[in-house]
Amino acid sequence: MKILGIAILIAIGVGFYFRLTDDLVTGDRIIGIAVLASAFILMPIFLVVRWRGKKLKDYTLSEENMKKMRETGID
């Protein structure tokens, strides 16, 4: 995941370099592909990795969780 993130950042940097050297079309394509890769490849992988082992019940606002928050003084 880290390698993919670094590769996407490098691709965005290369895209901006191409834009600075008057090759706007190629630079825009590289930046666009890097943004799409971050949105459709890196983000889902990140979400799966971070969500693994967690229970959805702990993060929902149920009556039981509301009662726990009131008891601990968190409103």
Side-chain angles (χ1 to χ4, degrees):
M1 192 169 73
K2 289 180 184 180
I3 295 171
L4 183 61
I6 292 170
I8 289 172
L9 288 175
I10 290 172
I12 290 173
V14 169
F16 278 112
Y17 173 77
F18 273 101
R19 284 186 55 93
L20 290 174
T21 59
D22 295 331
D23 194 2
L24 296 177
V25 175
T26 305
D28 286 342
R29 285 184 183 160
I30 293 172
I31 293 169
I33 290 170
V35 169
L36 287 173
S38 68
F40 292 113
I41 297 172
L42 184 63
M43 188 183 306
I45 291 172
F46 172 79
L47 292 174
V48 166
V49 167
R50 298 300 293 175
W51 192 259
R52 191 175 299 149
K54 295 195 171 60
K55 297 176 188 171
L56 183 60
K57 180 183 172 189
D58 294 337
Y59 300 98
T60 55
L61 200 56
S62 65
E63 229 10 85
E64 179 182 331
N65 289 341
M66 291 291 288
K67 184 178 176 183
K68 284 182 190 176
M69 288 187 341
R70 285 188 192 112
E71 289 172 359
T72 59
I74 302 171
D75 289 323

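We use all heavy atoms of the structure for the numbers below, so side chains are in, but hydrogens, waters and symmetry mates are not.
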message: Tell me whether Lys57 at atom NZ has more than 12 heavy atoms from other residues, nucleotides or ligands lying less than 6.0 Å away.
response: no
- prompt: Do other residues, nucleotides or ligands put more than 12 heavy atoms under 6.0 Å from the CD1 atom of Ile3?
  reply: no
Could you state the interatomic distance from [atom1] ([X]) to [atom2] ([Y]), rounded to the nearest 0.5 Å?
X: Asp28; Y: Phe16; atom1: CG; atom2: CZ; answer: 8.5 Å
X: Leu42; Y: Ile8; atom1: CG; atom2: CD1; answer: 4.5 Å
X: Glu64; Y: Met66; atom1: CD; atom2: CE; answer: 12.5 Å

- prompt: When Ile30 is tested against each of Val35, Val14, Asp23 for side-chain contact (heavy atoms from CB on, under 4.5 Å), which residue passes?
  reply: Val14
If hydrophobic clusters are built from ILVMFWY residues whose side chains come within less than 4.5 Å, do [X] and [Y] share one?
X: Ile12; Y: Ile41; answer: yes
X: Ile33; Y: Leu36; answer: no
X: Leu4; Y: Leu47; answer: yes
X: Tyr59; Y: Leu61; answer: no

- prompt: Given side chains that start at C-beta, do those of Val48 and Met1 come closer than 4.5 Å, heavy atoms only?
  reply: no
message: Just so I know, are the side chains of Lys67 and Glu71 near enough to count as touching, which here means a heavy-atom distance under 4.5 Å?
response: yes
Shortest non-hydrogen contact between Pro44 and Ala39, atoms and distance: CD-O, 3.5 Å
task: Considering non-hydrogen atoms only, spot the tightest contact between Ile31 and Arg19 and give its length.
output: CD1-CD, 3.7 Å
query: With distance as the sole test, does Asn65 use its side chain to make a donor-acceptor pair with the main-chain N or O of Thr60 at under 3.5 Å?
result: yes
